[in-house]
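All remarks here apply to the structure that follows.
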Amino acid sequence: LNCDMAGFREVDRRQFPLQDIPAIVRLFKQQLESVSEPDLALLSIVVGAIENSLTCNRTITVQKETDTFGEAKLPAIEYHITEALYTKFHAIIKGAVDLSQYGSKKFASRELIKKVSDVIWNSLTRSYYKDRAHLQSLYSYLTGNKLDCFGVAFAVVAGCQVLGFRDVHLALSEDHAWVVFGEGGKETAEVTWHGKGNEDKRGQPIGPGVVSKSWLYVNGCPVICTRPMEVAALVSAINPSLNATSEAMEVALLQQELLWLLYDLGHLSHYPMAIGNLSDLEEVSPSPGRPPCAALFQEAATSARTYYRNQHVYPYTYQGGYFYRHKLYKEAFESWANAADVIRLYNYSRDDEEIYKEFLEIANELIPHIMKVVSSGHSARSILKDPECFAYLLRFYDGICQWEEGSPTPVLHIGWAKPLVNTISKFDADVRAQVVIICQNEDGTESTGENVSDTTVPGTTDGKSKLKSEDDVNAVIAALDEASDDCDKQKYLSNE
Ligand SMILES: FC(F)(F)Cc1cc2c(N3CCN(c4nnc(C(F)(F)F)s4)CC3)ncnc2s1
């Protein structure tokens with residue numbers, strides 16, 4: 001029993017009660033630099049307790065926000081509460097799993113992992129709102145028997161750590177989590193649910209998800225966590241939200257400090273979303289002496305290109321969102337075009353709703369808003385006179401068209417076409433004429449398409465005029481529909 005309590009024993013009681021952010025950072029640093037591996041249960045209980053007390057019920061009388069040195073005051077986390085919850089988690093896991101039944105001690109088996117997942121799963125409250133905030137930590141599990149889908153996967157990995165299986169690790173896509181295990185971490189197993197109304201596949205390998213080319217399984221390029229990266233995942237999952245409109249500042253500061261600690265120790269380099277989370281926090285309150293958030297967004301994209309074959313969308317939508325908020329519209333178009341270049345590699349399946357909503361918002365809310373805002377401006381450097389912006393938008397829309405091709409589920413519908421046509425028609429023919437479309441042929445050679453300058457939009461005579469009437473728009477929509485089927489818009493654009 002002692003060896004398993006290593007995580008706790010090393011934590012000298014003198015550190016408790018944990019009164020402020022530096023104390024928590026010290027605990028994480030001590031765990032991350034300790035000779036063995038960081039104790040996932042201990043760290044999840046500690047940050048969960050702080051988040052819960054500062055965002056859920058605010059029962060604690062909120063001490064004045066900062067002490068004399070400007071450090072955010074935290075509700076004191078008592079040693080005995082932390083130790084009691086830690087002991088309870090150990091008791092639940094060790095009490096339910098009789099290791100003698102699972103043969104090899106060195107590597108976990110699928111049956112063992114399914115058993116740990118069942119222990120967590122069967123101890124959850126029967127029915128509760130699964131998407132609620134603050135359900136991601138072991139504190140939530142141990143005090144309220146509630147976990148969200150990420151929280152279940154994390155708890156299974158923490159449970160396997162309690163049982164001494166160092167091969168079981170968290171695998172993360174952009175919208176799902178599962179575990180890898182066995183020699184070389186080659187085996188995979190579902191351990192949690194995904195989305196609404198889908199039968200869970202717990203215990204099964206994730207193979208079929210990768211074969212179907214759904215974004216949910218990121219074409220076989222998930223983030224495979226080390227123990228410190230599992231700490232980064234639990235820190236990323238900290239949710240400072242008090243309600244739909246405000247956040248608990250001290251929780252956000254704690255998350256930011258812990259992410260910088262993990263960044264400095266090199267544990268975010270292979271974790272684009274964690275870098276994106278840190279960058280979002282830096283945008284709101286920049287840390288002195290740290291890289292600007294724009295550089296961090298770029299780092300996240302570079303990490304995804306370097307380690308995950310550029311199969312992740314979020315680094316580009318994080319970046320596009322930043323540029324959009326800062327009115328850097330051309331840069332936003334480029335990021336969104338890069339996001340579309342990723343999604344075109346996938347087949348849209350019913351499990352991919354989250355990223356569908358992301359692209360829908362960009363295409364039908366954000367880009368139309370930009371077009372409205374820039375239309376009123378009259379600067380020569382306007383977006384509407386810039387052929388590179390037109391090219392970025394074409395790449396964006398084309399990526400979504402190609403995403404739809406070969407997919408079991410349609411992507412585009414009339415709701416997409418009107419904003420799309422309105423956006424394209426804002427660019428004059430002479431601007432469009434400066435865009436040359438290079439098509440990659442099957443054999444990899446390139447052919448420049450017809451110069452789009454002689455694009456005559458159906459229903460007009462000289463190709464130089466702009467869309468005028470409703471039936472012009474409908475004609476283009478019909479043509480787009482046809483073009484997006486076989487996606488050789490080249491023929492459509494040159495209107496051969
Ligand atoms: F485990 C699951 F199932 F929850 C999948 C994961 C999600 C996620 C994350 N997120 C999700 C994406 N996310 C985004 N926030 N803004 C985003 C963008 F649209 F601006 F790009 S994406 C918040 C943090 N941040 C760190 N790690 C993970 S692992």
Side-chain angles (χ1 to χ4, degrees), residues 40 93 96-99 101-122 124 130 147-227 229-230 233 270-273 304 307-309 311-313 345-355 406-409:
L40 299 179
I93 297 294
V97 182
D98 166 9
L99 278 179
Q101 290 183 25
Y102 294 100
S104 142
K105 280 283 188 317
K106 190 152 174 39
F107 296 117
S109 65
R110 184 174 301 282
E111 294 68 29
L112 172 102
I113 286 166
K114 179 61 166 58
K115 175 65 180 167
V116 175
S117 176
D118 286 343
V119 172
I120 303 289
W121 189 268
N122 296 327
L124 296 178
K130 304 288 189 298
L147 284 171
D148 59 24
C149 82
F150 164 83
V152 168
F154 180 85
V156 171
V157 174
C160 291
Q161 182 183 38
V162 164
L163 295 173
F165 290 103
R166 299 169 67 111
D167 59 312
V168 181
H169 284 291
L170 195 58
L172 303 169
S173 78
E174 299 192 293
D175 191 39
H176 191 29
W178 58 91
V179 302
V180 295
F181 63 98
E183 193 141 13
K186 291 204 175 22
E187 300 299 323
T188 62
E190 298 273 8
V191 292
T192 185
W193 77 88
H194 177 263
K196 287 185 168 32
N198 306 325
E199 195 56 31
D200 74 84
K201 305 175 209 159
R202 287 183 313 113
Q204 300 171 34
I206 60 133
V210 180
V211 168
S212 70
K213 296 182 74 176
S214 66
W215 164 74
L216 193 67
Y217 291 95
V218 283
N219 275 343
C221 301
V223 173
I224 305 292
C225 292
T226 59
R227 281 284 179 261
M229 287 170 75
E230 279 139 15
H270 291 57
Y271 197 165
M273 285 186 289
Y307 303 114
Y308 303 107
R309 290 196 298 119
Q311 305 285 316
H312 294 184
V313 176
L345 308 168
Y346 288 98
N347 286 336
Y348 179 51
S349 94
R350 54 192 294 280
D351 290 323
D352 296 344
E353 284 92 356
E354 279 311 306
I355 206 65
S407 295
T409 317

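Predicted model, so just to flag it, every value in this text is computed and none were measured.
- The CH2 atom of W193 lies 11.0 Å from the NE2 atom of H176; values are rounded to the nearest 0.5 Å.
- Residues V218 and Y346 are in side-chain contact: their nearest non-hydrogen atoms beyond the backbone lie under 4.5 Å apart.
- In this structure, the separation between OG1 on T226 and CZ on R166 is 11.5 Å, given to the nearest 0.5 Å.
- Contact between V116 and G159 at its shortest, heavy atoms only, is CG1-CA, 4.4 Å.
- The two residues A189 and G203 come nearest to each other via the heavy atoms CB-O, 4.5 Å.
- Taking every heavy atom of both residues into account, V191 and R202 meet most closely at O-CD, 3.3 Å.
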Stepwise side chain to side chain contact (heavy atoms under 4.5 Å, CB included) test for L112 and L99: CA-CA 8 Å; L112 172 102; L99 278 179; 3.8 Å; yes
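- Nearest heavy atoms, A233 versus L172: CB-CD1, 4.1 Å.
- Inter-residue side-chain proximity for V180 and D167 is flagged as unmet; no heavy-atom pair is nearer than 4.5 Å.
- Of the possible donor and acceptor atoms, one in the side chain of H194 sits under 3.5 Å from a partner among the backbone N and O of D175.
- Annotation: side chain of T409 is not in contact with side chain of D352 (no heavy-atom distance under 4.5 Å).
- With hydrogens and angles disregarded, a donor-acceptor distance shorter than 3.5 Å links the side chain of Y308 to the backbone of H270.
- With rounding to the nearest 0.5 Å, the separation of CZ in F154 from CD1 in I120 is 11.0 Å.
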Intermediate values then yes/no, salt bridge (Lys or Arg N to Asp or Glu O under 4.0 Å), R227 and E230: CA-CA 5 Å; R227 281 284 179 261; E230 279 139 15; 2.7 Å; yes
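- Using a 4.5 Å heavy-atom cutoff, the side chains of Y102 and K115 are in contact.
- The backbone N or O of R309 sits less than 3.5 Å from a side-chain atom of Q311, completing a donor-acceptor pair.
- Here the side chains of I113 and F165 are not in contact, with every heavy-atom distance at 4.5 Å or above.
- Although no hydrogens or angles enter the test, the distance criterion places a donor-acceptor pair under 3.5 Å between the side chain of T192 and the main chain of C149.
- The line from OG1 of T188 to CZ of R110 is 6.0 Å long, rounded to the nearest 0.5 Å.
- Between Y348 and S407, the shortest heavy-atom distance links the atoms N-OG, 2.8 Å.
- The closest side-chain heavy-atom distance from L216 to S349 is not below 4.5 Å.
- At least one side-chain heavy atom of I206 sits less than 4.5 Å from a side-chain heavy atom of E190.
- Residues S173 and W178 meet the side-chain proximity criterion, which asks for heavy atoms closer than 4.5 Å.
- E353 contributes atom CD, which lies 10.5 Å from atom NZ of K196 (distance to the nearest 0.5 angstrom).
- H312 places a side-chain N or O within 3.5 Å of a backbone atom of C221 that can act as its donor or acceptor partner.
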